[in-house]
Amino acid sequence: MKLRVLDILKEKGKSKYWLYIQLGLSYQNFNRMVYNNTKGIKFDNLQALCDILECTPNDLFEEYHNK
């Protein structure tokens, strides 16, 4: 699974900085999440992303296959 946060931000005309301020996470944790460098995401953060970006969890994730 891969988070599509950057794609959704682009679609909505919002910046990464805007989302960072909205979420209130540390910059390091925020970057790990946005660039898919984390092995997990807290449900609270998932819900916050959905609320802020006005989307569903299905919108946030993209399936990918390692070859």
Side-chain angles (χ1 to χ4, degrees):
M1 300 295 281
K2 177 181 154 184
L3 277 173
R4 299 184 53 247
V5 174
L6 294 176
D7 295 335
I8 294 171
L9 285 172
K10 187 175 182 179
E11 291 168 10
K12 295 190 176 281
K14 301 287 186 181
S15 71
K16 189 176 86 163
Y17 180 74
W18 173 84
L19 181 59
Y20 165 67
I21 295 299
Q22 299 294 315
L23 281 174
L25 298 174
S26 73
Y27 190 71
Q28 186 177 27
N29 287 337
F30 174 76
N31 264 340
R32 283 186 191 142
M33 182 179 63
V34 169
Y35 290 111
N36 293 291
N37 293 326
T38 184
K39 295 194 185 264
I41 181 171
K42 291 182 179 180
F43 283 113
D44 290 343
N45 292 336
L46 182 61
Q47 182 176 357
L49 280 171
C50 289
D51 291 344
I52 293 165
L53 297 174
E54 300 175 335
C55 65
T56 68
N58 284 346
D59 298 328
L60 282 176
F61 292 99
E62 175 180 287
E63 187 175 349
Y64 72 97
H65 302 280
N66 290 332
K67 293 185 180 186

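- Counting non-hydrogen atoms of other residues, nucleotides and ligands closer than 6.0 Å to CD of E11 gives a total above 12.
- In this structure, CD on E62 lies 9.0 Å from CG on N36, to the nearest 0.5 angstrom.
- Within the 4.5 Å cutoff, the side chain of I41 has heavy atoms near those of the L49 side chain.
- Taking OG1 of T38 as the reference point, atom CZ of F30 lies at 13.0 Å (rounded to 0.5 Å).
- In this structure, the side chain of K12 engages the main chain of L53 through a donor-acceptor pair within 3.5 Å.
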Test log, rule side-chain contact (heavy atoms from CB on, under 4.5 Å), inputs K16 and V5
CA-CA 9 Å; K16 189 176 86 163; V5 174; over 6 Å; no
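- Two residues are said to be in side-chain contact when any heavy atoms from C-beta on lie closer than 4.5 Å; Y20 and N31 fail this criterion.
- Taken to the nearest 0.5 Å, the CD atom of E54 stands 11.5 Å off from the CG atom of D59.
- The OG atom of S26 sits 10.0 Å away from atom CE of M33, with the distance rounded to the nearest 0.5 Å.
- A distance of 11.0 Å separates CG in L3 from CG in N37, rounded to the nearest 0.5 Å.
- Scanning all heavy atoms of the two residues, the minimum distance from C55 to I8 falls at SG-CD1, 4.3 Å.
- Rounding to the nearest 0.5 Å places CG of L60 at 13.0 Å from NZ of K2.
- Heavy atoms only, all atoms of each residue included: C50 and T56 are closest at SG-C, 3.6 Å.
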